[in-house]
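Position 1 is the first residue of the sequence, and the numbers go up from there. Only this structure's heavy atoms are used, side chains among them; waters, hydrogens and symmetry mates stay out.
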Amino acid sequence: MDMLAILMTIGVSFLLAVILGPLCIPLLRRLKFGQQVRTDGPQSHLKKSGTPTMGGIIILLAVTVAFLRFSEKTTEFWVLLVGALGFGLVGFLDDYIKIALKRSLGLTAKQKLFGQLLFSLIVCVLLYQMGHSTAVSVPGTSFSLDFGWFYYPFVIIIFFGTTNAVNFTDGVDGLLSGTSAIAAGAFTIIAMQATEHESAVFTAALVGAVLGFLIFNAHPAKVFMGDSGSLGIGGGLAAAAILTKTEILLVLIGGVFVVEMISVILQVGSFKLRGKRIFKMSPIHHHFELSGWSEWKVVTVFWAVGLALATAGLALYRIGGG
């Protein structure tokens, strides 16, 4: 696969995000789309109240334009676009209702579930039409198991799990931007080795977009991505993992996201069953903040862990014959 095209995709997407930032951030501020900060969280976060959110629009616009420019418009193209923009739309509606309409809960649980299920099902239909393999590979081995029709419920689980895990990771300046760039970079390498052109171009565009967004999202953040960005990123990563047949490997490459989600599940479960909390606050990045870590330390440590897990995932992919 042409490395120059991949590098150009990253560059174009990065530049678009850098250009869109100064255009969108003042607009979001004028519209008073400001972040509402939890009062029970780290006290250092209180000063972030009012910081423009819904900046995920910047990421999704940059990704879409770059992807349109360098993709080949095959069925895989639509799988990736529906995964990213479909879930991004659900996140946008949730953000808009919370911020613009001042309804603190945003979409109801049923509405959000319906939206996520709708776009997951659309992807399933596209996968069926393109004759996508229903076999699932075991990382690090040549073994695979054909799920048959059960593969499609598995796809839905992948989308639900990934988007929610990525969403939980968004909570500290630059944390999700950096970890998602690392994960997307790993999938770009995998897609190139698998000669999966559309996935390689898409994830390359995602790398460039989130790195461009990171310029404005690094501490102290000038803008937050909101659910518009986190759900869109999660949907895009899930689609890329499905198309490259690395569904299970996604758990390792996106290990930081998985840990964040597990910390929330454990916290809620422990409190409901025992009336006690395991962590000072969940997701787990807030636990470290309340334990005295600076935001920058939390972010850099989590980035390092994400890089180590992505590297391990790439190594397993190579061992398995990728």
Heavy-atom pair with the smallest gap, counting every atom of [X] and [Y]:
{"X": "Ile253", "Y": "Ala186", "answer": "CG2-CB, 3.9 Å"}
{"X": "Ala181", "Y": "Leu211", "answer": "CB-CD2, 3.9 Å"}
{"X": "Gly212", "Y": "Val18", "answer": "CA-CG2, 4.1 Å"}
{"X": "Val63", "Y": "Ala209", "answer": "CG2-CB, 3.5 Å"}
{"X": "Ala84", "Y": "Leu60", "answer": "O-CD2, 4.3 Å"}
{"X": "Ser71", "Y": "His197", "answer": "CA-NE2, 4.4 Å"}

Heavy-atom side-chain contact between [X] and [Y] under 4.5 Å:
{"X": "Phe288", "Y": "Val301", "value": "no"}
{"X": "Val90", "Y": "Gln111", "value": "no"}
{"X": "Ile233", "Y": "Met225", "value": "yes"}
{"X": "Phe119", "Y": "Leu89", "value": "yes"}
{"X": "Leu28", "Y": "Phe224", "value": "no"}
{"X": "Ile59", "Y": "Leu206", "value": "yes"}
{"X": "Ile6", "Y": "Asp2", "value": "no"}
{"X": "Val166", "Y": "Leu231", "value": "no"}

Group every Ile, Leu, Val, Met, Phe, Trp and Tyr by side-chain heavy-atom contacts under 4.5 Å, then state whether [X] and [Y] land in the same group.
{"X": "Leu23", "Y": "Met54", "value": "no"}
{"X": "Phe70", "Y": "Met3", "value": "yes"}
{"X": "Leu27", "Y": "Phe92", "value": "yes"}
{"X": "Ile58", "Y": "Leu31", "value": "yes"}
{"X": "Leu126", "Y": "Ile156", "value": "no"}

Please check: side-chain N/O of [X] versus main-chain N/O of [Y], any donor-acceptor pairing under 3.5 Å?
{"X": "Asp94", "Y": "Leu107", "result": "yes"}
{"X": "Glu198", "Y": "Glu72", "result": "yes"}
{"X": "Ser13", "Y": "Ile10", "result": "no"}
{"X": "Thr134", "Y": "Asp146", "result": "no"}
{"X": "Thr64", "Y": "Leu61", "result": "no"}
{"X": "His287", "Y": "Ser282", "result": "no"}
{"X": "Asp95", "Y": "Ser228", "result": "yes"}
{"X": "Ser270", "Y": "Gln267", "result": "no"}
{"X": "Trp303", "Y": "Gly174", "result": "yes"}
{"X": "Asp173", "Y": "Ala221", "result": "yes"}

Which distance, rounded to the nearest 0.5 Å, do you find between the [atom1] of [X] and the [atom2] of [Y]?
{"X": "Asn164", "Y": "Ser230", "atom1": "CG", "atom2": "OG", "answer": "9.0 Å"}
{"X": "Lys112", "Y": "Leu117", "atom1": "NZ", "atom2": "CG", "answer": "15.0 Å"}
{"X": "Gln193", "Y": "Leu314", "atom1": "CD", "atom2": "CG", "answer": "7.0 Å"}
{"X": "Leu175", "Y": "Glu295", "atom1": "CG", "atom2": "CD", "answer": "9.5 Å"}
{"X": "Ile190", "Y": "Leu243", "atom1": "CD1", "atom2": "CG", "answer": "12.5 Å"}
{"X": "Phe67", "Y": "Thr203", "atom1": "CZ", "atom2": "OG1", "answer": "9.0 Å"}

Crowded around Trp78 CH2? As in, over 12 foreign heavy atoms under 6.0 Å? no

Should we say atom CZ of Phe160 is surrounded by more than 12 heavy atoms from elsewhere, each under 6.0 Å from it? yes

Parallel under 30°, tilted from 30 to 60°, perpendicular over 60°: which one fits the rings of [X] and [Y]?
{"X": "Phe154", "Y": "Tyr151", "answer": "tilted"}
{"X": "Tyr152", "Y": "Tyr128", "answer": "perpendicular"}
{"X": "Phe87", "Y": "Phe159", "answer": "parallel"}

Please check if any side-chain donor atom of Glu76 sits under 3.5 Å from a side-chain acceptor atom of Thr74, or the reverse. yes

Would Phe14 and Ile215 satisfy side-chain contact (heavy atoms from CB on, under 4.5 Å), going step by step from the backbone distance to the final call? CA-CA 10 Å; Phe14 176 83; Ile215 292 175; 3.7 Å; yes

Yes or no on side-chain contact (heavy atoms from CB on, under 4.5 Å) for Ile284 and Phe302, after CA distance, side-chain angles and deciding distance? CA-CA 11 Å; Ile284 198 169; Phe302 277 53; 4.0 Å; yes

Test Leu237 against Phe257 for side-chain contact (heavy atoms from CB on, under 4.5 Å), laying out the working first. CA-CA 11 Å; Leu237 289 175; Phe257 312 139; 4.0 Å; yes

Partner of Ser199 under side-chain contact (heavy atoms from CB on, under 4.5 Å), chosen from Thr188, Ile242, Thr246, Leu80: Leu80

Residue of the set Ile25, Ile57, Thr53 for which side-chain contact (heavy atoms from CB on, under 4.5 Å) holds with Val223: Ile25

Check ion pair Lys245-Glu247 (N to O, under 4.0 angstrom): yes

